[in-house]
Number of protein chains: 2
Amino acid sequence: MQPANKQNIIAQDIASKIHHEIYAPKTFLPSEHQLCELYGTSRETIRKALDQLTELGLIQKIKGRGSLVLDIQRYTFPISGITSFKELNAALGMHACTKVLHLKKTVLPPQLITEETNKKQPAFFVERLRLINQQPAVLDRDYLLSPPVSTLPKTAAADSIYAYLEGKLGLQISYATKEITVEKADPTVAKKLALLADGLVVVVRSHSYLEDTTLFQITASFHRPDKFKFIDFARRKKILLHPTTAKKEF
Amino acid sequence: MQPANKQNIIAQDIASKIHHEIYAPKTFLPSEHQLCELYGTSRETIRKALDQLTELGLIQKIKGRGSLVLDIQRYTFPISGITSFKELNAALGMHACTKVLHLKKTVLPPQLITEETNKKQPAFFVERLRLINQQPAVLDRDYLLSPPVSTLPKTAAADSIYAYLEGKLGLQISYATKEITVEKADPTVAKKLALLADGLVVVVRSHSYLEDTTLFQITASFHRPDKFKFIDFARRKKILLHPTTAKKEF
DNA sequence: TCTTACAACTTGTCTATACATCTGTCAAAT
DNA sequence: ATTTGACAGATGTATAGACAAGTTGTAAGA
């Protein structure tokens, strides 16, 4: 799935050791020089591996001292900048299941047509209901653009669409934009999520792209407010994008 | 504020040129070799600058072709992994103001005491109401831990606390964890935000840390649901943190 | 005409080295 | 007892070079 170069292998290995508390929170990793000898690589390669862990929030580098293992795994672990169910984190191993309500080949509806899609863009439409402890928690409505998504069997939709796209179709998923809002639930959505009429629902809209910047997925995810939780780890960015703008904190 | 090393200057410069469409969306940046000559640096330095832009979502690197300028600035620009007002983006230059409701030195309330704080942790408590077009939009309740925050004048609270901490006190803000949920509004919150009784409110709780991993701020931010919007750009992470866990998409 | 092979260019990865800067320690000087 | 300074060890930054691997256009070949 991911290129098996040295820096990734090292990052994966250290991440795993942090996860298993071989490197415990609030302790320092071996120094970069020691890691060089440990893995038999140059210092830059070690540093690129550590950069990945820093970005993920697993460690914090402190100049002159070392790389400190952070104690925020409970926050950052199951996710990585994604929306998830409230219980999905705590409830690893809980009874969660996915019910595929619809799956058909169609074209993108007019309101989703933009300059980055064709006029009559073919797509697979998938509607899925996520249940946790038999309770409806999330309703996903996905359009998977075709091309690049050539086929989409129902079994893949019930399991993990991403695993299918990456594993079977060999697509390389790269990045996504997400937008979270709270809106009044549409009656069809309210019914499927067992919400009160006129109830509020959390909506996560996202566009997902491949490595060659091809748009391949447009999703709206409707979450029951009481089941919704979004966890994020953010580093303060150095680049000022709007120097003239009143800076928002973080 | 940020170290003025070559890679940051170059990243800042290219980001600025992208912003002003000197490098337009859907076009390629000059090649790394050309950028080397342009800035008179080595290729690794250029690459580290480009890595920053990649992480921010300004460009996408494509092997064998070049660095493509992405067309998602409208999404990613005013933010960078932060929560913001719904209008704050569109409403740059709109009439937004901050009213400081409270500012006092106190100790951290019991429910916020954790193993990473002292038992009787002194802190500044600040309560601020953010108004947009004279409408209450967000209520912020901040505890700024003292130490490391030695002083906090009211003028700083009305302006930007972060600018004060970084500029005047010389603190180096590094990272934060955030958690977004939707909850029933407490009566005191509902009143200040002019919500319906028993209405829902979006709550963003965050812990913010300095570069030496000192916790310095605990915040709860209450957003009117109809004014709330969170925008995010996320890259697919390579590191598998829970290999045994059902992978969540992204 | 079509296909293949290659050259030129791109980014990706890794190495080795050098020097700057910060932290902590410890010994010497005050 | 306190301060100062030297030093070792840590991360931060920059450089130069080498080779791998992907993309594109072109020229040679069938």
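Every chain is numbered from 1, with letters handed out A, B, ... down the list of sequences.
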Check your understanding: Can a side chain N or O of B/Thr45 be found less than 4.0 Å away from OP1 or OP2 on D/dT13?
Key -> no
Check your understanding: Roughly how many Å is it from CG in B/Leu68 to C1' in C/dT11, rounded to a whole number?
Key -> 14 Å
Revision key, fill the gap. To the nearest angstrom, the CD1-P distance between B/Ile9 and D/dT13 comes to 12 Å
Exercise for review: Applying side chain to side chain donor-acceptor pair (under 3.5 Å), run through B/Lys61 and B/Thr54 and close with a yes or a no.
Suggested key: CA-CA 7 Å; B/Lys61 306 196 72 175; B/Thr54 302; 6.0 Å; no
Check your understanding: Can you tell me how far P of C/dC14 sits from NZ of B/Lys48, to the nearest Å?
Key -> 14 Å
Review point. When you check the gap from the basic side-chain N to the acidic O, do A/Glu44 and A/Lys6 get nearer than 4.0 Å?
Key: no
**Study point:** Check ion pair B/Asp13-B/Lys17 (N to O, under 4.0 angstrom)
**Key:** yes
Review point. Within this structure, what is the CD-to-C1' distance between B/Glu44 and D/dC19, rounded to whole angstrom?
Key: 13 Å
Review point. Quick one: B/Leu53 CG to C/dT11 P, roughly how many Å, whole number?
Key: 13 Å
Atom pairs, N/O to N/O, protein against nucleotides 10-12 of chain D, distance under 3.5 Å?
residue	atom	partner	partner atom	Å
D/dT11	OP1	A/Glu32	N	3.4
D/dT11	OP2	A/Glu32	N	2.9
D/dG12	OP2	A/Arg47	NH1	2.8
D/dG12	OP2	A/Arg47	NH2	3.2
D/dG12	OP2	A/Lys61	NZ	3.0
D/dG12	N7	A/Arg43	NH2	2.8
D/dG12	O6	A/Arg43	NH1	3.3

Practice item. To the nearest Å, give me how far apart CG (A/Asp212) and P (D/dT24) are. Key: 11 Å
**Study point:** A/Glu55 and A/Arg235 ion-paired at < 4.0 Å
**Key:** no
**Study point:** Whole-Å distance separating the CD1 atom of B/Ile46 from the P atom of C/dT13
**Key:** 18 Å
Review point. In whole angstroms, how far is the P atom of D/dT23 from the CZ atom of B/Phe28?
Key: 11 Å
